[in-house]
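Notes follow the structure.
The analysis underlying the following values was restricted to heavy atoms, covering all of them including side chains, and did not include hydrogens, waters or symmetry mates.
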Amino acid sequence: MLKVDHASVYFKTRDGRTVHALDRVSLDISDNSFVVALGASGCGKSTLLNAIAGFLPLSTGTITLDGRPVTRPGADRGVVFQKDTLLPWKSVLDNVALGLQFAGVPRAVRRARADELLSLVGLKDFAKAFPYELSGGMRQRVGIARALAADPAVLLMDEPFGALDSLTREQMQELLVSIWKTTGKRIFFITHSIEEALFLGTQVVVMSPRPGRIVARFDLDFISEFARTGDARSIKTAPEFASLREEIRTILHGSDEIRSAAE
């Protein structure tokens, strides 16, 4: 279990102001769950993910992973960023194996692991290519493989498909469902797309504008249905999917009022 308990974050700006970014957020991410945080820009989604990753300290509250406090980055949490952050002078295979190299894993072992993961993300034939030779979607596949290389307990994904065109984004969503089903990883994914959140999440949490709070939670099973049927179109056009999309849109548009009521 990854457990976020009453997490709050305050920032100090250069001019001395205090910004309340995250307010008393509690969240559990259990085995084989795919939790999606949804909200507008500036609602604290990335702040929450960075705190879980250990990049950002909490002001109050706690985060634990399998009972151990999260206080700094660690190999038990793999991160996929908005930008691919690949090293342009290294091949695809060497980019995937980079973390294992830093960890002192023998060359043959890390290359075998990288090969395995490139097959998982559909890029085995591009192992010797360099990042500039790949499309945006392919680079993000490399980023996912790299985040999985150390076999983390949790995969953290910071709007990884936001910069992709709509067709590539849909393809990447479907690939991610396959990876989730194959690996059984716990995933925490943030997005501002309602449709993406509904399609991917076993649980969707809706966050309010700053200070970020969870104002609604939805337990869903569309991702399992797609993993079983492979028919994304019928899922996204189903009346239940459309109804939930409108319900969440209403919540997001009314989140200022919800936040005021919570106060």
Point to revise | Minimum heavy-atom distance P131-L86, with the two atoms named | key: CG-CB, 4.0 Å
**Study point:** Electrostatic pair R186:D28 at N-O distance under 4.0 angstrom
**Key:** no
Review point. Any donor-acceptor pair under 3.5 Å linking the side chain of E195 with the backbone of R245?
Key: no
Exercise for review: Group every Ile, Leu, Val, Met, Phe, Trp and Tyr by side-chain heavy-atom contacts under 4.5 Å, then state whether L117 and L100 land in the same group.
Suggested key: no
Point to revise | ILVMFWY network linking V35 to I190, side-chain heavy atoms under 4.5 angstrom | key: yes
Check your understanding: Between R17 and D15, is there a side-chain N and carboxylate O pair less than 4.0 Å apart?
Key -> yes
Review point. Got a donor-acceptor contact below 3.5 angstrom from the R210 side chain to the A21 backbone?
Key: no
Review point. If two hydrophobic side chains count as joined below 4.5 Å and joins carry through other members, does L120 share a cluster with I223?
Key: yes
Review point. Okay, side chain of S243, backbone of P239: is any donor-acceptor separation there less than 3.5 Å?
Key: no
Review point. Mind checking whether T182 and I179 have side chains closer than 4.5 Å, heavy atoms only?
Key: no
**Study point:** Rounded distance (nearest 0.5 Å) linking atom OG1 of T47 with atom CE of M207
**Key:** 8.0 Å
**Study point:** side-chain hydrogen bond (donor to acceptor under 3.5 Å, both in side chains) evaluation trace for E159 with T191
**Key:** CA-CA 5 Å; E159 296 193 62; T191 183; 5.2 Å; no
Point to revise | N/O donor-acceptor pair under 3.5 Å between S33 side chain and I29 backbone | key: no
Review point. For K181, does the NZ atom sit with more than 12 other heavy atoms under 6.0 Å from it, leaving out its own atoms?
Key: no
Exercise for review: Over 60° means perpendicular and under 30° means parallel, so classify the ring planes of Y10 and H20, tilted if in between.
Suggested key: parallel
Practice item. Answer yes if L123 and L155 sit in the same cluster of Ile, Leu, Val, Met, Phe, Trp and Tyr residues linked by side chain heavy atoms under 4.5 Å apart, and no otherwise. Key: yes
Check your understanding: Does R139 reach the main-chain N or O of L134 with its side chain, forming a donor-acceptor pair under 3.5 Å?
Key -> yes
Review point. Taking Q140 for the side chain and Q82 for the main chain, is one N or O donor matched with an acceptor at less than 3.5 Å?
Key: yes
Review point. Where the side chain of T168 meets the backbone of L164, is there a donor-acceptor pair that is under 3.5 Å apart?
Key: no
Check your understanding: Got a salt bridge between R111 and D94, using NZ or NE/NH1/NH2 to carboxylate O under 4.0 Å?
Key -> yes
Check your understanding: If you draw the axis of the six-membered ring of F130, does the NZ or CZ of K90 fall within 45° of it and under 6.0 Å from the ring centre?
Key -> no
Check your understanding: Linking I/L/V/M/F/W/Y whenever their side-chain heavy atoms sit closer than 4.5 Å, directly or via other members, would V96 and V109 fall into one cluster?
Key -> no
Practice item. Would you sort out whether Q203 and D219 count as a side-chain hydrogen bond (donor to acceptor under 3.5 Å, both in side chains), showing the intermediate values? Key: CA-CA 4 Å; Q203 182 181 105; D219 292 320; 3.2 Å; yes
Review point. Can you tell me if CD on E133 sees more than 12 non-hydrogen neighbours from other groups inside 6.0 Å?
Key: yes
Review point. Any sub-3.5 Å donor-acceptor pair from D66's side-chain atoms to M1's backbone N or O?
Key: yes
Review point. Shortest non-hydrogen contact from A147 to V80?
Key: CB-CG2, 3.7 Å
Check your understanding: Sub-3.5 Å donor-acceptor pair from the side chain of K128 to the main-chain atoms of S91, do we have one?
Key -> no
Exercise for review: Check whether any side-chain heavy atom of T202 sits under 4.5 Å from a side-chain heavy atom of D221, and report yes or no.
Suggested key: no
Practice item. Mind telling me whether F81 and F55 have parallel, tilted or perpendicular rings, with 30° and 60° as the class edges? Key: parallel
Exercise for review: Run through V215, I214, L252 and flag the one making a side chain to side chain contact (heavy atoms under 4.5 Å, CB included) with S208.
Suggested key: V215
Exercise for review: Could you tell me whether the side chain of R146 and the main chain of G99 form a donor-acceptor pair under 3.5 Å?
Suggested key: no
Point to revise | The single option from F241, F222, F226 passing ring pair (Phe, Tyr, Trp, His ring centres under 6.0 Å) against F199 | key: F226
**Study point:** Derivation and outcome, salt bridge (charged side-chain N to carboxylate O under 4.0 Å, His left out), residues K185 and D151
**Key:** CA-CA 9 Å; K185 292 295 179 188; D151 194 24; 2.4 Å; yes
